[in-house]
Amino acid sequence: MSRGVLAVDRVVAFLLGLALLLGGLAAIAWWAQKLYLVWPAVPPVLRLLALRAAVEAGWWAPTSGVVGVIAIVLGLWWLIAHLPRRGVGTLALPGAGGRGGLRLDPDAAVAAAADVLAQAPGVRSASGSMRDDRGELVALIDATIEPTADLGAVAAAAERVSAELGHVLSLPAARCRVELSVARRGRQLARAG
Amino acid sequence: MTSHRPQHAAAPHPGHGTGAGAPPMDAPGTAGAAGPSGAGGAGAQDSGATARTRAGDWEPMPAATLPTRSGPIGVVGPVLAVLLILAGLVVLRDALVGYRVVRGPAWIPLGIGAADGLAPGTAFLVGGIVAALIGLWLLYVAMRRRVRSRAVVRARTGIYLAPGDIARLASAAAEDVGGVITASSKARTRTVRTTVRTTGGAGIDQAVLDAVHQRLDVLDPAPRVTVVARGPSGRSRS
């Protein structure tokens, strides 16, 4: 889900909300017989003569056909645009310009870094991938830690992994996000003796 | 996410199991060795000297912005899109009825006919109130900020924890205190409330408070901790 489609969502929700609010208030005012205060010529009953004439007119069928198709196509595009597409393809390595330059699969590098983090004490498992998150190139590592883990030690391990990953990627624009989640239960204790 | 991935990164360091005394991260360039071949080589080509420095000399990557969720607008958007598609289908159906491709009465003229001539009855009051409330809610959703519900761990790179995970850490810390039978916690990004059942004994709530504080010390800012202890002699708070 990109920022653009979220902006469309917000604008449409705002306009529809405004229309519903004003329409609703108008309906309440009409019921309370106060609508003449803003609309002096308010009719005593709902009159839809113009709409009735429109649906009888000859241009109604072709127009509604075109409008219907446009609405369906726009709606489908809008719906599909919400599907998350946050992955990143291969990236060119700096200093390897031109044709046949070296390219890096950042997902593999981040996944390898996550595997290294998974070896740290207190970390149960970790996985990683490269994301395009709202315009930021983010190396995302999801790590599950033990409930008894020393958070400081985990943070230090994550810093080291981040440093190594930054060196491997050598992309100044890349940023790092380690999301820690805590396992529900600690590991079964080994039986002593 | 909780399942173990294949640990192919561990292959170059067979001696560094989790139980081994040596920290498994002491070898420089471990990620480079495990990463795709060519990545490390290109870095060395770029600046030959840095490849030989130790991992500790490299700067961690800068922190990404706080992870956010879009909030209710992420659900409202697709719902509005589906409503637009449904409206388009109704309009298209009426057009096809006009061309006699689809049989049956057109729906839009039926609706207009039903609404025409209505007097301002109770239906308008109820409908107006419902429409105004939905409209207000849509305005609120449209203008609401993104949801940021992550605590930050003090580090030179971006490390984040969700409130529920903070609560689990707090409970585990409390259960490590002698005399505590069970512990449960509720947390937000800046406050933690731990409830413990204890066997009783003086100062146990203070010990729990210290343990939870110490465990969550690395959070930035350190959360405010409240401990409620329930023992045989009643309830205490600190």
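Every chain is numbered from 1, with letters handed out A, B, ... down the list of sequences. The analysis underlying the following values was restricted to heavy atoms, covering all of them including side chains, and did not include hydrogens, waters or symmetry mates. Keep in mind that this is a model prediction, so the values were computed, not measured.
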S.K.: Using the side chain to side chain donor-acceptor pair (under 3.5 Å) criterion, which residues pair with B:Y140? Sequence neighbours excluded.
M.R.: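 Partners of B:Y140 under the side chain to side chain donor-acceptor pair (under 3.5 Å) test: B:R144.
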S.K.: With sequence neighbours left out, what residues match B:R150 under salt bridge (charged side-chain N to carboxylate O under 4.0 Å, His left out)?
M.R.: A:E179
S.K.: So which of B:L138, B:D116, B:V91, B:I85 has the largest heavy-atom pair count under 4.5 angstrom toward chain A?
M.R.: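 Of the candidates given, the most pairs with chain A belong to B:D116.
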S.K.: Non-hydrogen atoms of chain A under 4.5 Å away: do they reach the side chain of B:V141, the backbone, both or neither?
M.R.: backbone
S.K.: Considering residues, nucleotides and ligands other than A:W78, do more than 12 of their heavy atoms fall under 6.0 Å from its CH2?
M.R.: yes
S.K.: Counting heavy-atom pairs under 4.5 Å to chain B, which of A:L20, A:L137, A:V182 comes out on top?
M.R.: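 Answer, by heavy-atom pair count under 4.5 Å with chain B: A:V182.
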S.K.: Between A:E146, A:R175, A:R177, which has the largest tally of heavy atom pairs under 4.5 Å with chain B?
M.R.: A:R177
S.K.: Strictly by modelled atom types, are B:S185 and B:S171 linked by a side-chain donor-acceptor pair under 3.5 Å?
M.R.: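 B:S171 and B:S185 do have a side-chain donor-acceptor pair below 3.5 Å.
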S.K.: Less than 3.5 Å apart, any donor N or O on the side chain of B:T182 or B:E175 sitting next to an acceptor on the other?
M.R.: no
S.K.: Do you know which of A:L18, A:L25, A:V12, A:V8 has the most heavy-atom pairs under 4.5 Å to chain B?
M.R.: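 With the most close heavy-atom pairs to chain B, the winner is A:L18.
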S.K.: Relative to chain A, which of B:G164, B:A162, B:A81, B:A63 shows the most heavy atom pairs under 4.5 Å?
M.R.: B:A81
S.K.: Do B:D94 side-chain atoms and B:A106 backbone N/O form a donor-acceptor pair below 3.5 Å?
M.R.: no
S.K.: Determine whether B:L219 and A:L151 satisfy the following criterion, side-chain contact (heavy atoms from CB on, under 4.5 Å), listing intermediate values before the conclusion.
M.R.: CA-CA 9 Å; B:L219 292 183; A:L151 210 49; 4.2 Å; yes
S.K.: With a 4.5 angstrom heavy-atom cut-off, is it the side chain or the backbone of B:A173 that approaches chain A, or both, or neither?
M.R.: neither
S.K.: Heavy-atom distances under 4.5 Å only: say whether A:L74 touches chain B with side chain, backbone, both or neither.
M.R.: both
S.K.: Could you check B:V90 against B:L92 for side-chain contact (heavy atoms from CB on, under 4.5 Å), going step by step and ending with a plain yes or no?
M.R.: CA-CA 5 Å; B:V90 167; B:L92 185 64; over 6 Å; no
S.K.: Is chain B contacted by the side chain of A:W77, its backbone, both, or neither, given a heavy-atom distance below 4.5 Å?
M.R.: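 Nothing of A:W77, per the 4.5 Å heavy-atom cut-off to chain B.
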S.K.: On the 0 to 90° scale, with breaks at 30° and 60°, tag the B:W58-A:H167 ring pair as parallel, tilted or perpendicular.
M.R.: parallel
S.K.: Between B:D176 and chain A, which part of the residue has a heavy atom less than 4.5 Å away: side chain, backbone, both or neither?
M.R.: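 Side chain only.
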S.K.: Taking side chain as everything from C-beta outward and backbone as N, CA, C, O, which of these in A:A149 sits under 4.5 Å from a heavy atom of chain B? Side chain, backbone, both or neither.
M.R.: backbone
S.K.: Determine the option with the most heavy-atom pairs under 4.5 angstrom with chain B, choosing from A:P62, A:G166, A:A158, A:G152.
M.R.: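 Heavy-atom pairs under 4.5 Å are most numerous for A:P62.
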S.K.: Should we say atom CD of B:Q214 is surrounded by more than 12 heavy atoms from elsewhere, each under 6.0 Å from it?
M.R.: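 Counting other residues, nucleotides and ligands, CD of B:Q214 stays at 12 neighbours or fewer.
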S.K.: Pick from B:R93, B:R146, B:M143: which one has the most heavy-atom pairs with chain A under 4.5 Å?
M.R.: B:R146
S.K.: Give the member of A:G23, A:A174, A:P43 that has the highest number of heavy-atom pairs under 4.5 Å with chain B.
M.R.: A:A174
S.K.: Would you mind checking which part of B:A87 comes under 4.5 Å of any heavy atom in chain A, side chain (CB onward), backbone (N, CA, C, O), both or neither?
M.R.: neither
S.K.: Within the distance-only criterion (no hydrogens, no angle test), does the side chain of A:D107 pair as donor or acceptor with the backbone N or O of A:M130 below 3.5 angstrom?
M.R.: yes
S.K.: As an exercise: rank B:L96, B:I129, B:V76 by heavy-atom pairs under 4.5 Å with chain A and give me the winner.
M.R.: B:I129
S.K.: What residue in B:G98, B:G127, B:G113 has the most heavy-atom pairs under 4.5 Å with chain A?
M.R.: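 Ranked by heavy-atom pairs under 4.5 Å with chain A, first place is B:G113.
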